[in-house]
Protein chains: 2
Amino acid sequence: MTEMQSVTETAAKERDVTDLVLEDILTGVLPAGTWLKQIDLEKRYDCTRPEVRRALDRLSQKRLVEHVPNRGYHVYLPDGRRAQEVSDIRVILETAVADLMVERATPESIARLRALANHFDEMTMVGTVLEHYEANLAFHRELLLLSGNNELVDLVSEIRQRTSSAPVSQWRTRARVERSAREHHMMVDALEARDIARLKRLIEAHIRQTGDVAPAESAARQA
Amino acid sequence: MTEMQSVTETAAKERDVTDLVLEDILTGVLPAGTWLKQIDLEKRYDCTRPEVRRALDRLSQKRLVEHVPNRGYHVYLPDGRRAQEVSDIRVILETAVADLMVERATPESIARLRALANHFDEMTMVGTVLEHYEANLAFHRELLLLSGNNELVDLVSEIRQRTSSAPVSQWRTRARVERSAREHHMMVDALEARDIARLKRLIEAHIRQTGDVAPAESAARQA
DNA sequence: GTTACCAAAATTGGCGCCAATTTAGGATAC
DNA sequence: GTATCCTAAATTGGCGCCAATTTTGGTAAC
């Protein structure tokens with residue numbers, strides 16, 4: 001914890017500290033449970049004390065870090081139950097608007113989605129962890145935008161971050177990443193075929209598999 | 001804007017400033033569009049400058065106030081479209097778990113809900129605006145708790161606040177408040193009768209009517 | 001050898017000051 | 001009389017210092 005002062009240090013000047021810390025938590029640079037000492041962050045991101053404290057306060061509001069009075073802030077420990085609950089919420093929200101998405105889909109938007117799905121595929125090969133993560137986000141964002149509900153797009157982006165203590169570590173196995181990539185394309189296919197039921201099934205399966213609970217168990221819990 | 005320094009000033013010492021400002025926005029004491037000068041807030045809530053700024057930062061993260069750099073913070077102006085979108089999200093979430101609520105409902109939880117519905121009725125008569133608002137929140141919270149998804153309970157509480165520029169002003173007319181009170185009891189009835197479809201219909205109608213868009217239009221938009 | 005206590009170092013967190021930017025008002029020129 | 005520019009007051013926002021609390025390491029006593 002003391003020798004962190006390496007990669008992001010020089011390159012990242014003008015950007016917001018909150019986003020930088022967020023990125024490092026999301027990409028696993030700052031693992032779950034890590035105590036975030038204000039002095040260390042100050043040096044690591046080359047910023048002032050108040051900036052660090054504002055970032056930590058924001059992240060604790062977002063429930064990405066926990067604040068223990070007079071002890072400090074640490075990255076939230078993974079909570080299986082919470083992750084499960086968030087997955088359930090995502091399934092509810094994203095499948096609920098499947099009909100709207102089919103209704104509003106145009107050839108142009110489908111083309112954009114294909115491009116984003118392809119971009120995800122590329123990042124699987126050559127991109128960094130963060131680029132890969134963001135490519136996935138971009139695809140799902142574009143998909144949800146079809147619902148016409150901007151508030152929903154933002155909300156899902158938010159709750160997506162909630163489970164993420166070790167969000168990309170879920171993609172450790174190559175098999176799972178490739179399956180995700182394939183599912184992206186299948187979702188676009190279903191959208192193009194205007195098959196609402198199939199799209200819903202695909203969305204649910206896609207969300208559940210990325211959770212850290214086995215699909216079988218999550219289905220049991222749901223029932 | 002200069003002579004605000006009256007009610008809450010002396011009584012509120014030990015509580016968090018963020019909550020105090022939040023309350024005053026929710027109850028309409030600080031109307032939509034109001035510029036929140038840091039000095040005024042400092043005096044009004046008898047707190048320090050950093051406390052004010054932390055509160056304003058948190059509220060802007062929650063999108064209850066807007067931050068204009070070098071200009072200050074002002075209460076968000078009501079946005080019909082956003083309010084509509086938030087209502088849609090609430091309908092999706094709260095009706096989606098209706099079956100879970102019926103499944104998990106016990107005689108004890110139903111009794112608690114009846115008590116809370118009665119409490120809301122009382123507050124209609126004698127309570128302050130804030131008490132009334134919180135009585136409504138408490139009822140819906142208890143109802144959602146039946147879903148067993150704590151994350152969902154928190155999420156709905158959060159997005160509930162998003163529309164609230166003038167949240168209680170929606171309750172200006174006595175007729176509407178009384179209708180809400182009746183609907184609370186009807187929801188408990190449906191829950192007790194284990195009538196999922198009816199419960200869903202009630203929940204949707206209850207949420208839509210509190211929005212500032214007419215039910216007819218919102219239904220049209222949904223379809 | 002182990003445990004309890006004390007002291008010193010480190011870390012958090014509250015608070016206030018000062019610079020930068022904006023706004024409003026007044027004076028001057030047209 | 002009106003418009004424009006300039007100056008002054010006010011407000012925001014960045015930054016650093018110091019007190020309070022906690023933790024750790026050492027020492028002494030049992």
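- With sequence neighbours excluded, the residues that form a side chain to side chain donor-acceptor pair (under 3.5 Å) with A:R112 are A:E142.
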So which protein N/O to nucleotides 5-9 of chain C N/O distances come out below 3.5 Å?
none

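- A:R82 pairs by the side chain to side chain donor-acceptor pair (under 3.5 Å) definition with B:E151, not counting sequence neighbours.
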May I have the list of side-chain donor-acceptor pairs in residues 63-74 of chain B shorter than 3.5 Å, sequence neighbours left out?
unit_1: B:R63; atom_1: NH1; unit_2: A:D154; atom_2: OD2; d: 3.1
unit_1: B:E66; atom_1: OE1; unit_2: B:H74; atom_2: NE2; d: 3.1

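- Between B:H206 and B:H140, the gap from one ring centroid to the other is short of 6.0 Å.
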Could you run through nucleotides 9-15 of chain D and give me one letter per nucleotide, 5' to 3': B if any protein heavy atom sits under 4.0 Å from the base, S if only the sugar-phosphate is that close, - if neither?
-> --SBBBB

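- Applying the salt bridge (charged side-chain N to carboxylate O under 4.0 Å, His left out) rule to pairs touching residues 118-137 of chain A yields nothing, sequence neighbours excluded.
- B:R58 and B:D16 are joined by a salt bridge, as a carboxylate oxygen and a charged side-chain nitrogen come within less than 4.0 angstrom of each other.
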Where do A:L59 and A:T18 land on the side chain to side chain contact (heavy atoms under 4.5 Å, CB included) test, with the steps shown first?
-> CA-CA 7 Å; A:L59 292 173; A:T18 313; 4.2 Å; yes

